[in-house]
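Owing to the predicted nature of the structure, the values given are computational and were not obtained by experimental measurement. Values reported hereafter were calculated over all heavy atoms of this structure, with side chains retained and with hydrogens, waters and symmetry mates removed.
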Amino acid sequence: MQILFIVFLPLLAAIVGGLGNKALGNLAVKTLTTGALFISCALSWPIFISFLSGHAEASVTPVLHWVSSGAMQFDWALRVDTLTAVMLVVVTSVSALVHLYSWGYMDEDPDQPRFFAYLSLFTFAMLMLVTADNLVQMFFGWEGVGLASYLLIGFWFRKPSANAAAQKAFVVNRVGDLGFMLGIFGTYWVFGTVSIPAILDAVPSVHGQMIHFLGHQWDTMTVLCILLFIGAMGKSAQLGLHTWLPDAMEGPTPVSALIHAATMVTAGVFMVCRLSPMFHASPTASTFVTFIGAATCLFAATVGTTQWDIKRVIAYSTCSQLGYMFFAAGVGAYGAAMFHLFTHAFFKALLFLGAGSVIHAMHHEQDMRYYGGLRKEIPLTFYAMTAGTLAITGVGIAGAFGFAGFYSKDAILEAAFASGSEMGRFAWGMGVFAALLTSFYSWRLVFLTFFGRPRWAQSEHIQHAVHDVHGHGDHAQDDHAHDDHSHGAHGHDAHGDGTAGYHPHESPLSMLIPLGLLSVGAIFAGWVFAPHFVGLEGAAEFWKGAVIVDKELIEASEHIGFWSLAPTIVMLTGLFVAWYAYIRNPRFPALFVEQFTVVHRFLYNKWYFDELYDLIFVRPAFWIGRQFWKLGDIGIIDRFGPNGAAWVVAQGSRAAVKLQSGYLYSYALVMLVGLVGAVSWVIAR
């Protein structure tokens, strides 16, 4: 019964809050949805702790008999094992804190009930995904988070860029979902069932079999795994299907934290780990997963070094960290992949919500070039984001203590190196270089935001805020339709340094409490849980068959010698370069860009993926659409269909009008001619 409350309370809150909406009022809906999530969170942690202590076993809770169609019969059931328990605490914890954070962040939004209902619906869909006992149920949750993300990214529907971003996310994910659906169809065709436990048990019997696909014979497991992984590429924004992720920043910042930390983007990693016996049975598919993960890891890190929007930097960071998780799964370190998913949820949610606190303080300004000197103005936000940065860059001392990323990211890199395969070593090289870039762009964000002289006077947003406060004009935002958030300004020139008379303010308590709790996770999650997730002795006992645990790989990872120091060395290197470029010698970045203009432009424009896709897919699609519209619809169907029929009727009417002269002798003549004609026809017969 406990799992039923965990999963369905968010759905109940979403339905009541969404339908009640303004009739219930902002406070009632916020209290209902947030309370439901905190109850789900409180019920999830004991389940996780019981698996952690070794006192729990996998269980399946039936909900209802769902499908009975010929040989295909399966129930809607909730599966709880170690893998599910990990995802339950991740999803419910981050979602509950995002709900609480949104009390302060969305305080002035006129559509708060709708927003909180969407958040709860999103959480329910993710919980359905991670508790799925069969592939169809997983697909239900998979599409549910896709729908909810579309609603949340485009929440400010009066904002054209938000609508475009929501549509882009929806379309790109449908491309990946096509592969996922084909993978599910193929899996059912091969195994005769969609039950996940039954499929995994039958994997050895399919080893070596061939399947006819696209006119050729292929290894069965390779085809199925690659098709399933294409779905993961879309949902988890891997290279090629990643373009929707940065644009998703158009939604409110709490949405970014929820999508990019604990829910939607981790669905692909969870799916690969859930089906780990299938991927483990196909070296080719595992190699493909490793390559895509490593390439994504490097690509996103290079782009993150050039962005100025604080949320986009963190978004590309998410894309890069997901690459780590995938190439960990690709080399067989599924426990390390899930461990990084676990720690990443805490420090990435912390970074996103911290960025929201900065945006809140800076009157919805998101460009880091207009920040500076904020550590004295918003010290609590500064400490929280510093904790998140220490976690993502992997600061720590082996054998003593480290922040969350120190344990999980290092475990991935060590496993990739220890795997011994060429693709594993390639992934290790890409991962180490990406760790260098991660350290650089993460500390770049901290130094640009919290250190140096204030640059607020250059921001149009700040100027408008001060203008409003002093009553010199009405620059109020239109229902959040043009910016990320709108808050009152506390305008007075406390510095006398040309900061436009604006005084940044710390966030309210409802926003600071989640930052504090997530900071605890970013600091201690790796240190506390590493022995269970990736330890040589504890991993097999903890996972209990929920994912494949390769003890030989874990043991080899602990004996790679000097190479285990590589992540720490590159982390310190990235920190030093960022300090030199943005603290010691601020002129250095401009000189570097001037010297390497082509490289910088290439990275700043995100490797021109958007432009390339626009040229290859978007423009031809619009051209084809116009041809069908102009030539097919208007030129043929309308011309010879409704328009043609209407023309014939009109011409007939004009001819008939000419016969209607109004003279009696004309009508008598016609009648006589008709009578003669009729009599002649009868006589002729």
Side-chain donor-acceptor contacts of residues 539-550 below 3.5 Å, not counting sequence neighbours, with atom names and distances?
residue, atom, partner, partner atom, Å
Trp543, NE1, Phe533, O, 3.1
Lys544, NZ, Gly54, O, 3.4
Lys544, NZ, Ala56, O, 2.6
Asp550, OD1, Glu552, N, 3.2
Asp550, OD1, Leu553, N, 3.2

Closest non-hydrogen atom pair, [X] against [Y]:
X      : Y      : answer
Gly146 : Phe170 : O-CD1, 4.4 Å
Ala248 : Ile153 : CB-CD1, 3.7 Å
Pro204 : Asp201 : CD-O, 3.5 Å
Leu350 : Ala522 : CD2-CB, 3.9 Å
Ala132 : Arg79  : O-CB, 4.1 Å
Leu129 : Ala267 : CD1-CB, 3.8 Å

Can you tell me how far apart [atom1] ([X]) and [atom2] ([Y]) are? Round to the nearest 0.5 Å.
X      : Y      : atom1 : atom2 : answer
Leu612 : Asn605 : CG    : CG    : 13.0 Å
Ser320 : Leu437 : OG    : CG    : 8.0 Å
Thr318 : Leu351 : OG1   : CG    : 8.5 Å
Leu83  : Thr131 : CG    : OG1   : 11.5 Å
Thr343 : Trp527 : OG1   : CH2   : 16.0 Å
Tyr608 : Leu615 : OH    : CG    : 13.5 Å

For Lys551, salt bridge (charged side-chain N to carboxylate O under 4.0 Å, His left out) partners two or more places apart: none

Ring pair (Phe, Tyr, Trp, His ring centres under 6.0 Å) assessment of Trp76 paired with Phe140: CA-CA 11 Å; Trp76 190 344; Phe140 173 82; 5.6 Å; yes

Can you find a pair of side-chain heavy atoms, one from [X] and one from [Y], that are under 4.5 Å apart?
X      : Y      : result
Phe562 : Ile569 : yes
Leu322 : Gln238 : yes
Ile199 : Leu135 : yes
Trp563 : Ile560 : yes
Val7   : Leu78  : yes
Val136 : Val67  : no
Asn134 : Tyr188 : no
Phe609 : Leu239 : yes

Do the side chain of [X] and the main chain of [Y] share a donor and acceptor less than 3.5 angstrom apart?
X      : Y      : answer
His207 : Val203 : no
Gln209 : Ser205 : yes
Asp177 : Phe180 : no
Tyr407 : Gly402 : yes
Ser93  : Val89  : yes
Lys311 : Ser256 : no
Tyr441 : Gln307 : no
Asp75  : Val63  : no
Ser439 : Met571 : yes
Thr305 : Thr302 : yes

Set of side chain to side chain donor-acceptor pair (under 3.5 Å) partners for His340, sequence neighbours left out: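 Here the qualifying residues are Gln321, Ser408.
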
Ring geometry between Phe342 and Phe339 (parallel below 30°, tilted from 30 to 60°, perpendicular above 60°): parallel

Side-chain donor-acceptor pair present, Lys168, Thr243, cut-off under 3.5 Å: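 No, because no side-chain N or O of Lys168 sits under 3.5 Å from a partner of the opposite role on Thr243.
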
Pair Ser95-Thr123, side-chain donor/acceptor within less than 3.5 Å: yes

Counting heavy atoms not belonging to [X], are there more than 12 under 6.0 Å from its [atom1]?
X      : atom1 : answer
Trp607 : CH2   : yes
Glu558 : CD    : yes
Phe602 : CZ    : yes

Without placing hydrogens or testing angles, list every side-chain donor-acceptor pair under 3.5 Å for residues 226-237, not counting sequence neighbours.
residue, atom, partner, partner atom, Å
Lys235, NZ, Trp142, O, 3.2
Ser236, OG, Val265, O, 2.5
Ser236, OG, Gly268, N, 3.1

Stepwise side-chain contact (heavy atoms from CB on, under 4.5 Å) test for Met126 and Met264: CA-CA 7 Å; Met126 191 65 192; Met264 181 170 169; 5.8 Å; no

Evaluation steps, side-chain contact (heavy atoms from CB on, under 4.5 Å), between Thr438 and Val570: CA-CA 9 Å; Thr438 299; Val570 297; over 6 Å; no

Is the centre of the [X] ring less than 6.0 Å from the centre of the [Y] ring?
X      : Y      : result
Tyr324 : Phe327 : yes
Phe48  : Phe529 : yes
His242 : Phe299 : yes

Chi angles and distances behind the side-chain contact (heavy atoms from CB on, under 4.5 Å) call for Met338, Met87: CA-CA 9 Å; Met338 287 303 302; Met87 294 302 296; 3.7 Å; yes

Pairs meeting criterion side-chain hydrogen bond (donor to acceptor under 3.5 Å, both in side chains) with involvement of residues 267-288, two or more places apart: Asp81-Arg274, Thr84-Arg274, Thr222-Ser282

Lys/Arg-Asp/Glu bridge criterion (N-O < 4.0 Å) met for Arg174, Glu143: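 Yes, this pair counts.
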
Evaluation steps, side-chain contact (heavy atoms from CB on, under 4.5 Å), between Glu611 and Lys606: CA-CA 9 Å; Glu611 290 79 3; Lys606 303 158 285 188; 5.8 Å; no

Ignoring hydrogens and angles, write down the donor-acceptor pairs under 3.5 Å from the side chains of residues 418-436, residues two or more places apart or on other chains.
residue, atom, partner, partner atom, Å
Ser419, OG, Ala416, O, 2.7
Ser421, OG, Gly424, N, 3.0
Arg425, NE, Phe417, O, 2.9
Arg425, NH2, Phe417, O, 3.4

